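Please read all numbers here as calculations on a predicted model, not as lab measurements.
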Amino acid sequence: MIKTLASHIKQYKKASVLAPLFVCIEVFLEILIPFLMARIIDLGVERSDMTAVLGYGILMLICSFVSLYAGFKSGKYSAYASSGFAANLRLAMFKNIQNYSFENIDKYSTAGLVTRMTTDVTNVQNAYQMIIRVCFRAPFMLISAMFMAFTINSELAMIFLVAVIFLAIILFSIVYVSFKIFDVAFQKYDDLNASVQENVTGIRTVKAYVREKFETEKFKKASNEIYKIFTKAEKKLLYNSPAMQFTMYACLILLSWLGAKMIVVGDLTTGELMSLFTYTTNILMSLMMISMVFVMITMSLASMRRIAEVLEEKSTIVSPENPVMEVKDGSIVFDNVSFKYKKDQEVNILDNINLKIDSGMMVGIIGSTGSGKSTLVSLISRLYDVSEGRVLVGGRDVREYDLDTLRNEVSVVLQNNVLFSGTIKENLRWGDENATDEEIIKASKLAQADSFVSTFEDGYDTYIEQGGTNVSGGQRQRLCIARALLKKPKVLILDDSTSAVDTKTDALIRKAFKEEIPDTTKIIIAQRITSVEDADLIIVLDDGKIHGLGTSEELLKTDDIYRDIYRIQKEGGNLGE
């Protein structure tokens with residue numbers, strides 16, 4: 001975990017080294033100042049030697065200014081390094097997530113990934129800043145002050161040694177208990193973010209069903225869970241303060257009592273006692289800082305582990321060595337294909353699928369919800385890998401292709417049509433970033449999108465809100481189809497992507513496909529018989545198996561599932577008849 005995170009410090013290594021270096025200079029000078037103060041008292045004030053007072057006073061002033069400068073530089077470099085480190089972590093996580101396969105993505109909730117890239121990274125950033133500054137300052141201050149105390153008087157310095165051991169035991173106990181609580185707390189952040197995300201995304205549905213009160217209560221519950229957990233953790237951490245106060249006052253009382261006795265018998269000077277009082281404060285403040293670092297690191301350990309999980313997750317689907325860089329045509333073969341989402345899953349989602357699709361064919365896929373239609377087409381563009389058998393595109397196993405090459409030639413319009421913030425033109429150029437305006441208009445006409453885009457005041461420069469909320473469902477589907485067409489793929493897959501358009505527009509889209517892109521293999525998943533009945537081949541899926549295969553006319557004679565669907569949709573039939 002540490003190695004994974006540390007590898008992303010990168011260009012901020014220099015700042016990460018300079019920050020603690022300046023901290024050490026700052027601490028050294030701060031430790032030197034009480035020693036100089038003792039010299040002023042013992043050699044200057046008590047002996048009425050103004051030369052000594054002035055000399056040591058100037059030296060103290062120089063030390064103070066240099067220490068101030070060193071403190072400024074350490075703060076500057078630690079802020080620079082920690083902020084840069086956090087930026088690198090966010091970028092690394094985002095890039096790694098982009099490479100995830102669907103199988104990898106299924107392991108994490110969207111809210112969980114958002115929490116990792118925001119709250120968790122901020123925790124690690126704060127912890128790292130404390131590590132390269134306070135984590136060096138506190139131990140160095142502690143050791144230096146202890147050394148100076150033992151140099152002045154080893155007997156009195158034993159008080160500090162006992163205090164350090166006592167506090168170390170207390171702090172370790174508190175941190176050990178608190179870590180487990182914080183680990184649970186950050187998992188609850190995922191639930192809170194999930195509640196916010198669901199509510200904002202589905203705000204129209206919330207209002208339509210008058211569920212504002214319910215959603216508010218759900219959020220309040222998730223927020224209160226985090227409140228209770230952090231309160232529990234903070235209660236444990238509160239023991240820090242009384243332990244520190246008790247130790248500090250005990251040290252001061254013992255030091256005053258024993259020190260006064262030693263001054264009387266001449267074993268200690270007044271200046272040395274003053275120095276010891278200062279070193280007492282330095283030692284105890286160092287312990288306080290160490291306790292703060294422990295708390296911050298305790299909080300961030302859970303965040304560090306969660307970030308490392310995302311960074312260390314390797315995509316289950318990658319391009320092979322020496323991949324095939326060209327897809328010859330749009331032919332597709334399923335050869336004894338079986339598939340399940342998890343290896344330990346007992347039942348296959350797809351079972352023993354054998355299928356041959358010639359390049360340029362229009363293929364329809366129909367079946368009940370959960371029959372495996374979307375899963376089947378996901379294997380063609382290798383969004384998932386088969387569990388058994390193989391899928392061939394253009395005569396080659398899809399696992400032999402370079403992933404980008406394969407997915408550029410197999411264009412998929414998924415069930416959940418997504419448009420991104422930006423203009424219509426910017427969204428369409430996801431299909432081809434170098435597409436000309438003429439190519440954009442042509443693809444839009446094929447997808448029957450140009451007719452409504454041209455009615456907008458800004459045409460193709462019309463701004464699309466996040467998620468495409470300012471266009472209808474049917475318009476969004478047509479824009480997504482146009483985007484896919486701009487890739488000029490050898491295989492075009494529409495996964496129930498015309499469900500929100502009217503039957504006339506649906507027919508026009510299919511007619512345009514046949515006339516304008518005859519060499520492209522077209523696979524249409526649909527719930528409407530009208531969307532697939534004129535296909536060259538119709539596949540009827542049932543419970544992950546091919547139940548029927550053929551043209552509409554053939555299936556009406558041979559397949560009871562297709563026949564029932566046809567009768568219900570075309571003739572108003574009833575399954576109970």
Side-chain angles (χ1 to χ4, degrees), residues 95-106 313-341 349-350 353-363 365 372-418 428-435 443 480-495 497 513 517-525 537 539:
K95 287 174 71 174
N96 203 39
I97 291 168
Q98 298 303 306
N99 293 324
Y100 281 1
S101 66
F102 278 24
E103 183 180 343
N104 295 115
I105 292 170
D106 292 342
E313 182 80 25
K314 302 298 181 185
S315 178
T316 56
I317 296 178
V318 295
S319 298
E321 291 185 16
N322 303 314
V324 177
M325 300 300 294
E326 182 182 359
V327 179
K328 185 176 68 173
D329 56 43
S331 62
I332 301 167
V333 175
F334 282 76
D335 183 16
N336 294 318
V337 169
S338 293
F339 174 79
K340 50 188 174 185
Y341 287 106
I349 303 298
L350 296 174
I353 301 293
N354 286 283
L355 186 63
K356 186 175 185 299
I357 300 170
D358 294 330
S359 184
M361 287 181 72
M362 179 175 283
V363 178
I365 303 177
K373 303 185 297 295
S374 296
T375 304
L376 182 75
V377 297
S378 294
L379 300 178
I380 299 172
S381 59
R382 209 185 165 201
L383 297 176
Y384 292 98
D385 269 339
V386 298
S387 301
E388 297 176 28
R390 57 182 186 152
V391 177
L392 286 76
V393 174
R396 302 294 291 265
D397 192 318
V398 292
R399 289 169 291 195
E400 297 177 17
Y401 285 110
D402 172 73
L403 276 176
D404 289 348
T405 299
L406 176 65
R407 290 173 183 172
N408 277 325
E409 295 293 0
V410 181
S411 192
V412 184
V413 183
L414 298 170
Q415 279 179 312
N416 299 320
N417 301 282
V418 177
L428 294 181
R429 281 190 173 134
W430 273 56
D432 179 4
E433 60 183 17
N434 298 314
C480 288
I481 293 171
R483 182 173 63 189
L485 287 170
L486 275 171
K487 295 178 78 171
K488 301 178 179 67
K490 289 187 170 65
V491 179
L492 176 65
I493 299 172
L494 304 185
D495 186 356
S497 304
F513 284 175
I517 50 172
D519 296 329
T520 299
T521 303
K522 300 157 285 284
I523 300 176
I524 301 173
I525 296 176
L537 178 69
I539 303 164

*If you measure from CG on L537 to NZ on K356, what distance do you get to the nearest 0.5 Å?*
11.0 Å
*Would a 4.5 Å heavy-atom cut-off, applied to side chains only, mark D432 and K488 as touching?*
yes
_Check: G395 main-chain N/O paired with K328 side-chain donor or acceptor under 3.5 Å_ = no
*Consider only side-chain N and O atoms of D495 and S374, and report whether a donor and an acceptor are under 3.5 Å apart.*
yes
*What residue among I493, V412, L383 forms side chain to side chain contact (heavy atoms under 4.5 Å, CB included) with S378?*
L383
*asked:* Does I365 form a side-chain contact (heavy atoms from CB on, under 4.5 Å) with I524? I'd like the steps, not just the answer.
replied: CA-CA 6 Å; I365 303 177; I524 301 173; over 6 Å; no
*side chain to side chain contact (heavy atoms under 4.5 Å, CB included) with S319: which residues, sequence neighbours excluded?*
D402, L403
_Minimal non-hydrogen separation, E103 against Y384, with atom names_ = N-CE2, 3.8 Å
*Donor-acceptor pair, side chain of Y401 and main chain of V393, under 3.5 angstrom*: yes
*Might you point out which heavy atoms bring S359 and T521 nearest each other, and give the distance in Å?*
CA-OG1, 3.4 Å
*Could you tell me whether the side chain of Y341 reaches within less than 4.5 Å of the side chain of I349, counting heavy atoms only?*
yes
*Where the side chain of K487 meets the backbone of R407, is there a donor-acceptor pair that is under 3.5 Å apart?*
yes
*Go through the steps for F334 and L350 under the test side-chain contact (heavy atoms from CB on, under 4.5 Å), then give the verdict.*
CA-CA 11 Å; F334 282 76; L350 296 174; 5.7 Å; no
_Rounded distance [0.5 Å steps], CG in L406 versus CD1 in I317_ = 10.0 Å
*Measure across K373 and I525 and return the closest heavy-atom pair with its distance rounded to 0.1 Å.*
O-CD1, 3.5 Å
*asked:* Taking the side chain as everything from C-beta on, heavy atoms only, tell me whether I332 gets closer than 4.5 Å to I523.
replied: yes
*Supply the atom-to-atom distance M362 CE to T520 OG1, rounded to the nearest 0.5 angstrom.*
10.0 Å
*So, N104 side chain and K314 main chain: donor-acceptor pair closer than 3.5 Å or not?*
yes
*Spacing of S315 atom OG and I97 atom CD1 [to the nearest 0.5 Å]*: 12.5 Å
_Within 6.0 Å of CD in Q98, more than 12 heavy atoms from elsewhere_ = yes
*Please check if the side chain of R429 supplies one atom and the backbone of A435 the other of a donor-acceptor pair under 3.5 Å.*
yes
*asked:* Donor-acceptor pair, distance only, cut-off 3.5 Å: does the side chain of S331 make one with the backbone of D358?
replied: no
*Working to the nearest 0.5 Å, report the span between OG1 of T316 and OH of Y100.*
11.0 Å
*asked:* Can a donor-acceptor pair be found, under 3.5 Å and without considering hydrogens, that links the side chain of S381 to the backbone of V410?
replied: no
*asked:* Using a 3.5 Å distance criterion without hydrogens, assess whether the side chain of D335 forms a donor-acceptor pair with backbone atoms of L392.
replied: no
_Heavy-atom side-chain contact between N336 and N354 under 4.5 Å_ = yes
*asked:* Is it the case that the side chain of K522 and the backbone of I517 share a donor-acceptor pair, with hydrogens and angles ignored and the cut-off at 3.5 Å?
replied: yes
*Let me see the working for F513 and I481 under side-chain contact (heavy atoms from CB on, under 4.5 Å), right down to the final yes or no.*
CA-CA 11 Å; F513 284 175; I481 293 171; 3.9 Å; yes
*asked:* According to side chain to side chain contact (heavy atoms under 4.5 Å, CB included), who are the partners of R399, at least two apart in sequence or on a separate chain?
replied: R382, D385, V386, R390, D397
